[in-house]
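In what follows, chains are A, B, ... by sequence order, proteins preceding strands, each numbered from 1. Quick note: numbers below take in every heavy atom, side chains included, and nothing from hydrogens, waters or symmetry partners.
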Amino acid sequence: MDGVRPMVDMTTQLATLTLPNPVLTASGCAAAGRELHQFFDVAALGAVVTKSIMMRPRSGRATPRMAETPSGMLNSIGLQGPGIDAFIDTDLAWLAEHGARTVVSIAGGHTDEYVELARRLNGHPAVSMLEVNISCPNVESRGQVFACDAIASSRVIGAVRRAADPSLPVFAKLSPDVTDITLIARACADAGADGFSLINTLLGMVIDTDTMAPALGGGTGGLSGPAIRPVAVRCVWQVRRALPHLPILGMGGIRSGLDALQFVLAGASAVSVGTAVFGDPSAPVRVLAELEQALDDRGFAALADAVGYAHRRPADRLVPEAAEVAAG
Amino acid sequence: MDGVRPMVDMTTQLATLTLPNPVLTASGCAAAGRELHQFFDVAALGAVVTKSIMMRPRSGRATPRMAETPSGMLNSIGLQGPGIDAFIDTDLAWLAEHGARTVVSIAGGHTDEYVELARRLNGHPAVSMLEVNISCPNVESRGQVFACDAIASSRVIGAVRRAADPSLPVFAKLSPDVTDITLIARACADAGADGFSLINTLLGMVIDTDTMAPALGGGTGGLSGPAIRPVAVRCVWQVRRALPHLPILGMGGIRSGLDALQFVLAGASAVSVGTAVFGDPSAPVRVLAELEQALDDRGFAALADAVGYAHRRPADRLVPEAAEVAAG
Amino acid sequence: MTADTVVSKPVQETAEIFSVQKIGEYVQFTVVAPGIAAGFQPGHFVAVAVGGDNTSMLLRRAFALYGATPTGQFAGTIQFVVAEHGPGTRWLTQRSVGETLDVVGPLGTSFPLPSGPSPAVLVGGGYGSAPLIPLARELVAAGSPVEILLGAATGSRLFGELVAKRTVGAVTVTTDDGSAGVRGRVADVLPDAIERIGAEVVYACGPMPMLRAVSEVARAHAIQAQVAVEEAMACGIGVCMTCVLPVRGDDGRSRFVRSCVDGPVFAADRVRWEDVGTLPADVMGADAMGGH
Amino acid sequence: MTADTVVSKPVQETAEIFSVQKIGEYVQFTVVAPGIAAGFQPGHFVAVAVGGDNTSMLLRRAFALYGATPTGQFAGTIQFVVAEHGPGTRWLTQRSVGETLDVVGPLGTSFPLPSGPSPAVLVGGGYGSAPLIPLARELVAAGSPVEILLGAATGSRLFGELVAKRTVGAVTVTTDDGSAGVRGRVADVLPDAIERIGAEVVYACGPMPMLRAVSEVARAHAIQAQVAVEEAMACGIGVCMTCVLPVRGDDGRSRFVRSCVDGPVFAADRVRWEDVGTLPADVMGADAMGGH
Ligand SMILES: Cc1cc2nc3c(=O)[nH]c(=O)nc-3n(C[C@H](O)[C@H](O)[C@H](O)COP(=O)(O)OP(=O)(O)OC[C@H]3O[C@@H](n4cnc5c(N)ncnc54)[C@H](O)[C@@H]3O)c2cc1C
Ligand SMILES: Cc1cc2nc3c(=O)[nH]c(=O)nc-3n(C[C@H](O)[C@H](O)[C@H](O)COP(=O)(O)OP(=O)(O)OC[C@H]3O[C@@H](n4cnc5c(N)ncnc54)[C@H](O)[C@@H]3O)c2cc1C
Ligand SMILES: Cc1cc2nc3c(=O)[nH]c(=O)nc-3n(C[C@H](O)[C@H](O)[C@H](O)COP(=O)(O)O)c2cc1C
Ligand SMILES: Cc1cc2nc3c(=O)[nH]c(=O)nc-3n(C[C@H](O)[C@H](O)[C@H](O)COP(=O)(O)O)c2cc1C
Ligand code: FES
Ligand code: FES
């Protein structure tokens, strides 16, 4: 930390996609980039991940839609959005115009909806990757969330993989609310997933002690923020260990470069900054700068060398700088 | 809040067990009561829940055994303990001598170990209830955690229920790390569980960015504290809804009387205060006083009237005091 | 009502606290934030980070701007008024001069101004009067006759009575408990005020039930009301969709719109007051809500 | 070495900060905590809540007591020394006189005192010298010849040189970088000091590698060493089992014992230094660890 700007090769690879750096926004926490562009150039990010889009316009749920919790928040938005056509015409067009690499998150109530979304996005020059949000109730299975069932997950991912432009990586975004996330990951991998986005929110609830009823209009909601970071890091670690050849986009409570580094060391090739944006609109670019500095401080010449580093056995490690626990 | 001491009937019922009040310690966060007795009279609590005990003395895992996380902590103790014989001779004897009602938490590597523990505890005058910690690896199933499998869970609970003194309630302590906690709860209920302790810790991990390796000796650890409270409240809500006739001992991030009230409104008949004790050794008695005050403020004459209140439909509610959102 | 609302261009600033003043139950802050001051229009708000380093409170708190002095003896300053509500506002009210706050603003839409002089009644509930004061100044400067009505539950929760009187002269005060001014609700005295000055527009800021009542009075008098709403906000900058309420558009269709960027100021007759907090079946996209 | 360690009886106090003093890289606190002061013996520590209301930091931070004045002009006070390490200690070093801290103490075991006068060398690493100063005073008062050795990475991380000299006269200083005193490690100068005064006991506090080195020197001289260890602690009061290390008992068997209540002071020859941070197969109950 000698004041010199760090010179770390920050490029990263998400399957066939090369990004100039590994820091992205998180779906639903950056809309489609336009508002954040008031605070920083969205083209400076690895990519913008857009809010999950569905076929039709959606109102979302009744308010209240959020509750702050210790080091976290619950949300119950219900995927409010304009529908795929308006999204392509306005949001994607704006992103293309501003030179932002774009990961489009798609969501559906049944497999066909996902497939149709992938088709509509094929060939659009602004789209760099698809993130498939399978934390949605499957209307054909009495509302069970796709991501909580290996078969439903693999069916959606397989169908999207077949429908999507072969040059676009398809990432499966998994839910931590499962008994064994590696089983779902493996099913998605077998179905052709090119990588994983880990993790979506945890199902949570707050009771309002004034009204003595659930605080959210939707009853339960998704828990995000630093509170869930240890769960997210664990999921990244487990999936990396189970499927070391597939890239991971890690997320869940990242607020600083050192937080991002935890995900990278656990096996993520890139990270999304979500809830932190609400507290600090320029968090993604700050996290990027801090991560580069942190890698430089630790002697990494390239981000790629740090990906999964915490899995190495002691013998395969760099000689770590002696951690000074206390003076003496 | 007119300065008068609240007069709420705080007695609660956990199956056949009546407790003078609903605030307990949490297993593993109060040892066997002796140390906390320096700060308050342990007999003033609803009950002391002791650290999970196994048949043989156990060393526990290598250090580091904890990592602080945002509004939470990870632990990886590995059930260090003296074994059931020493536990009965020293810990239970001390608790009996000090008039503390005691919930003994038992843990095992296979069903027979749980059964044998239950047998040893039969007839001991200090024991008021058994809490069966099934968040343990099943050595007969390649280390899969009992609580993550409905069949393994029900087998343990059924066997303990049969082995234990019929007058002792047997509570199954469930893990939130499952796809559907109500399925596990139902399996335990069918096997004879008299109630549930909800929730145990979430599996998490922290990477130490100095050593660039997992921060805990055990790699992963259990996440506890206010960070997980929304997950815990959700689990209590779901199990209450699924099995309204069975009592719940709620826990996970309770630090104040209002936190405890969330659990009660969601369906818990009693609560355990765990991690909060580390920050405030007298947290359990403070939580009890605050909960009584909060119930009084809301016009409840008895705790029992508040249990599960948040599930009521609007028509079945008391007229709530108008919540003043802002002056005007 | 032809002039448009001014949508803000927000910046994030580390703002030194220049003064902290206790006023009744409120605390008035003046902080140095030249970038925010430069863009300010009445109705805009700021979002302030609370709790300091290592806090468990992740989200910013929103406060309407009470004023801004873009230049002067010091770099530009802004003012806002804080009512202690929960832990975030409690933390704020404990700050002292010289400390800094992390502030994002100006945010949201401003009160649309009439294109020429036009009689107006301004209705503030509690701290809701704060954004009306700079609005009153602009209206008066443009030659509009202005009356201000201030209401609160009790006298100590009134805000801005003196400065309101200095600004417009005609001020009426109501309190629910009669501890100051007329006993009653502020909307009760609105019809008289409208008639007294032949108001062509009403501006209001305060709790939702008050805004709804104001909206009804304005409708009964067939005049416009512009109201600044207060919905819980996670981001304040338009990216999260937590702060929505059902609003009718020019096309007659209702949508859930974001009160942080499409508001907080709305034409009162466009807000579906009775449906706030519900999911009306005719809101755009409600038909697609199958289960989640 | 016949006298026993004094196991503390902890209390929880809201302690007003009486003084905050910067000393090199450290900050020395004096806080009003009569209950803790009353029970204090050298070696005891306190656990301090950090971060204030609504903090995300749940756990207390441990600090060795540098001294206690049970009575005096003011109610009893205690002293401790804080090195900035991470967010918790940073928060502490930013506190000011008049604020209060939530403190639990005294905690842990104290240094066992010799039953009569007996030459002793005290070895402190960095802030580890803090608890040795009150110990030195007691030893000197009991008529024991005492030498103090202070080591640190660099001069600004030395603590207590002046007060050590005032207390015992014979003080040797080492720094790794030679910026003060002898260049080198403090354990390197220990053999000379032991021989110089014919020490019968060594007391030490500092980082684990230093304690281990001290332990070896003492063993080579066939004298006792009593050392205060520093393990990460979640509760500090003996209920959580996070703070353990492998220690040999009187029966020759090793156990994982809690450094917060069975320590922090241990007879150095009982600690299995080489096995700290591992699970030695012969530790009691290691054989029962099948998988979790
Ligand atoms: C556009 C706008 C302008 C506002 N102007 C002012 C003002 O000028 N002066 C003032 O005192 N207050 C104002 N408020 C309300 C103020 O933002 C809340 O009182 C404050 O956020 C409460 O935070 P807390 O931590 O004290 O309370 P808590 O209840 O603990 O807050 C918990 C969470 O709920 C949110 N929340 C709680 N109450 C409200 C509320 N009434 N409105 C919005 N979010 C809420 C908080 O932001 C936080 O995320 C305004 C709100 C909005 C949306
Ligand atoms: C018995 C004992 C006596 C101590 N005496 C002193 C003293 O007199 N002066 C002093 O400056 N420091 C002392 N320490 C170390 C001090 O407790 C840590 O530096 C402090 O807890 C770090 O907190 P943090 O938030 O700044 O750092 P972080 O690294 O962010 O802390 C994160 C977590 O790890 C724990 N932790 C981190 N480092 C240590 C450590 N070295 N020892 C124990 N826990 C740690 C913290 O308590 C906290 O729970 C002592 C520790 C113990 C156990
Ligand atoms: C308000 C909000 C809305 C979200 N919407 C979506 C969404 O539309 N699609 C999706 O895949 N994830 C969504 N998420 C989840 C985030 O993308 C992310 O996976 C999660 O919040 C964890 O990261 P964080 O802690 O950094 O926010 C949303 C999260 C929040 C807080
Ligand atoms: C250090 C520590 C040790 C624990 N040990 C046990 C245990 O032995 N048995 C058990 O059933 N739960 C154990 N738990 C889990 C708690 O009993 C409780 O379920 C969980 O921590 C959630 O509550 P809390 O957030 O209030 O701590 C332990 C938790 C902690 C933090
Ligand atoms: S508060 Fe986030 S969109 Fe309005
Ligand atoms: S720190 Fe909890 S037992 Fe020692």
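Geometrically, B/Arg61 does not engage D/Phe256 in a cation-pi contact, judged by NZ or CZ lying under 6.0 Å from the ring centre and within 45° of the ring axis.
Note: D/Leu59 leads D/Leu279, D/Leu59, D/Val283 in heavy-atom pairs under 4.5 Å with chain B. Heavy-atom pairs under 4.5 Å with chain B were tallied for D/Ser254, D/Ala234, D/Gly51; the largest tally goes to D/Ala234. Of the listed residues (B/Thr63, B/Leu36, B/Val145, B/Val277), the one with the most heavy-atom contacts under 4.5 Å to chain D is B/Thr63. Your options are D/Cys240, D/Gly236, D/Ala49, and the one with the most heavy-atom pairs under 4.5 Å with chain B is D/Cys240.
The backbone N or O of D/Met241 lies less than 3.5 Å from no partner atom in the side chain of B/Gln80, so there is not a single donor-acceptor pair. Under a 3.5 Å cut-off, the side chain of B/Arg58 and the backbone N or O of D/Met289 do not form any donor-acceptor pair.
When each of D/Leu58, D/Thr242, D/Val239 is tested with B/Phe278 by the rule side chain to side chain contact (heavy atoms under 4.5 Å, CB included), just one qualifies, namely D/Val239.
In this structure, chain D has heavy atoms under 4.5 Å from both the backbone and the side chain of B/Ser282. Heavy atoms closer than 4.5 Å to chain D are found nowhere in B/Arg34, neither backbone nor side chain.
B/Ala31 and D/Gly238 make their closest contact through CB-O, 4.2 Å (heavy atoms, listed as atom of the first residue, atom of the second, distance). When all heavy atoms are compared, the tightest approach of B/Pro57 to D/Ala288 is O-CB, 3.3 Å.
Among the residues in residues 86-95 of chain D, none has a non-hydrogen atom closer than 4.5 angstrom to a non-hydrogen atom of chain B.
Classification of D/Asp287 and B/Arg56 as a salt-bridged pair holds, one side-chain N sitting under 4.0 Å from a carboxylate O. In this structure, B/Glu35 pairs ionically with D/Arg258, as a charged nitrogen and a carboxylate oxygen lie closer than 4.0 Å. Classification of B/Glu68 and D/Arg60 as a salt-bridged pair fails, no side-chain N sitting under 4.0 Å from a carboxylate O.
Looking at heavy atoms from C-beta onward, D/Val11 lies out of side-chain contact with B/Gln38 at the 4.5 angstrom threshold. The side-chain heavy atoms of B/Pro281 and D/Gln12, taken from C-beta on, include a pair separated by under 4.5 Å.
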